[in-house]
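Let me begin by presenting the structure, written as structure tokens, before commenting on it.
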Amino acid sequence: MSNQETPVTPEEWGEPRTKTVTWHDPFATAQAGAQMAGLDYLRAVAAGELPPAPISTLLGNGFNGMVAEKGEVSMACTPDESVYNPIGLVHGGVVCTLLDSVIGCAVHTTLPAGTGYSSIELKVNYLRPIHAHTGEIRARGWVTKPGSRVAFGEGEVTDAEGKVLATASGSCLVFELSAS
């Protein structure tokens, strides 16, 4: 089959589904954010004054409802079946990405303008399965030890009833952003 042909799928697979992802120029947003303290930057994103990171619209219908305080961030998403793994559950990578985001953003709230971060490591504990019918899941991340070179944080994901679905601990490398 050439790359031009549509593959034939068995009828029992059902009708195919689609998902459209829309995002804004991440470099323009990052440049604006580099001029702001981390807490101010995340609050501007939460207020809709700056667009969210593209990853937030790619997975689980967007990360929304962000709340940013110094050393703590929360956000939510509503995973759908487009992020299912082969056994019909929300893929652990979605939950991991959400936890990585809230821990990293919590660290970001402690950083001055011109400073960035990148994850060094992340350990995730998956405690309960998540399905599309689980509905909105909320993640909260908090800094356990800020730092000028390395910062540490923890996070958790809960369902609408407050049941803990996953937890994480991680560390972030803190560095000065380049002028380019």
remark   = Across all chains, not counting sequence neighbours, the side chain to side chain donor-acceptor pair (under 3.5 Å) partners of Arg149 are none
key: Exercise: do Arg138 and Ser74 side chains pair donor with acceptor under 3.5 Å   = yes
note = Between Val90 and Tyr84 the two heavy atoms that sit nearest each other are N-CD1, 3.8 Å
request  = Decide whether Leu89 and Val94 are clustered together by the hydrophobic rule: side chain heavy atoms of Ile, Leu, Val, Met, Phe, Trp, Tyr closer than 4.5 Å, transitively.
outcome  = no
ask   = Side chains of Met66 and Ser56: closer than 4.5 Å at any heavy-atom pair?
value = no
query = Does the side chain of Thr158 reach to within under 4.5 Å of the side chain of Arg140, using non-hydrogen atoms?
reply = no
inquiry  = Is the shortest side-chain heavy-atom distance between Glu72 and Thr109 below 4.5 Å?
reply    = no
ask   = Hey, is the main chain of Leu173 close enough, under 3.5 Å, to the side chain of Ser118 for a donor-acceptor pair?
value = no
request  = Please report the closest heavy-atom contact between Pro79 and Ile130, naming both atoms and the distance.
outcome  = CG-CG2, 4.5 Å
inquiry  = Treating His91 as the side-chain partner and Gly93 as the backbone partner, does any N or O pair qualify as donor plus acceptor under 3.5 Å?
reply    = yes
key: Co-membership, hydrophobic cluster, residues Leu111 and Leu42, 4.5 Å side-chain   = no
message = Using every non-hydrogen atom in the two residues, find where Gly141 and Ala106 come nearest and quote the distance to one decimal.
response = O-CB, 3.5 Å
Other residues, nucleotides, ligands: >12 heavy atoms within 6.0 Å of His24 NE2 = no
message = Within the supplied structure, the quantity of interest is the number of heavy atoms (other residues, nucleotides, ligands) at a distance under 6.0 Å from Glu176 CD; does it exceed 12?
response = no
request  = Decide yes or no on salt bridge (Lys or Arg N to Asp or Glu O under 4.0 Å) for Asp159 and Arg128, but give the supporting numbers first.
outcome  = CA-CA 10 Å; Asp159 66 12; Arg128 289 185 168 86; over 6 Å; no
ask   = How about Glu15: does its CD atom have over 12 heavy atoms from other parts shown lying under 6.0 Å from it?
value = no
task = Look at Glu69 together with Arg43 and state whether they make a salt bridge at an N to O cut-off of under 4.0 Å.
result = yes
query = Does the side chain of Tyr126 reach to within under 4.5 Å of the side chain of Cys96, using non-hydrogen atoms?
reply = yes
request  = Mind checking the CG-CD1 spacing from Leu98 to Ile103? Nearest 0.5 Å is all I need.
outcome  = 10.0 Å
Co-membership, hydrophobic cluster, residues Val174 and Met36, 4.5 Å side-chain = no
query = So if you build clusters from Ile, Leu, Val, Met, Phe, Trp, Tyr with side-chain heavy-atom gaps below 4.5 Å, do Leu165 and Trp142 land together?
reply = no
message = For the OG atom of Ser169 and the CG atom of Leu122, what is their distance to the nearest 0.5 Å?
response = 7.0 Å
request  = Please report the shortest heavy-atom distance between Asp100 and Ser119, naming the atom on each side.
outcome  = OD1-OG, 2.5 Å
ask   = Taking atom CD of Glu136 and atom CG of Asn64, what is their separation to the nearest 0.5 Å?
value = 6.0 Å
message = Using the side chain to side chain contact (heavy atoms under 4.5 Å, CB included) definition, which of the options Val157, Thr57, Ile137 pairs with Cys77?
response = Ile137
task = Look up atom CD in Glu49 and atom CG in Asp40, then write down how far apart they are to the nearest 0.5 Å.
result = 10.0 Å
task = For the residue pair Val102 and Met75, establish whether any side-chain heavy-atom pair is separated by less than 4.5 Å.
result = yes
query = What heavy-atom pair brings Leu50 and Ala32 nearest, and what distance separates the two atoms?
reply = CD2-CB, 4.1 Å
query = Hey, mind stepping through Val73 and His108 against side chain to side chain contact (heavy atoms under 4.5 Å, CB included) and telling me if it holds?
reply = CA-CA 9 Å; Val73 167; His108 198 181; over 6 Å; no
ask   = Are any side-chain N or O atoms of Tyr117 and backbone N or O atoms of Val107, one a donor and one an acceptor, separated by less than 3.5 Å?
value = no
remark   = dist Glu161:CD -> Thr134:OG1 (nearest 0.5 Å) comes out at 10.0 Å
query = Hey, any chance Val143 and Val150 share a hydrophobic cluster, counting ILVMFWY side chains that come within less than 4.5 Å of each other, even indirectly?
reply = no
remark   = Between Pro52 and Val45 the two heavy atoms that sit nearest each other are CA-CG1, 3.8 Å
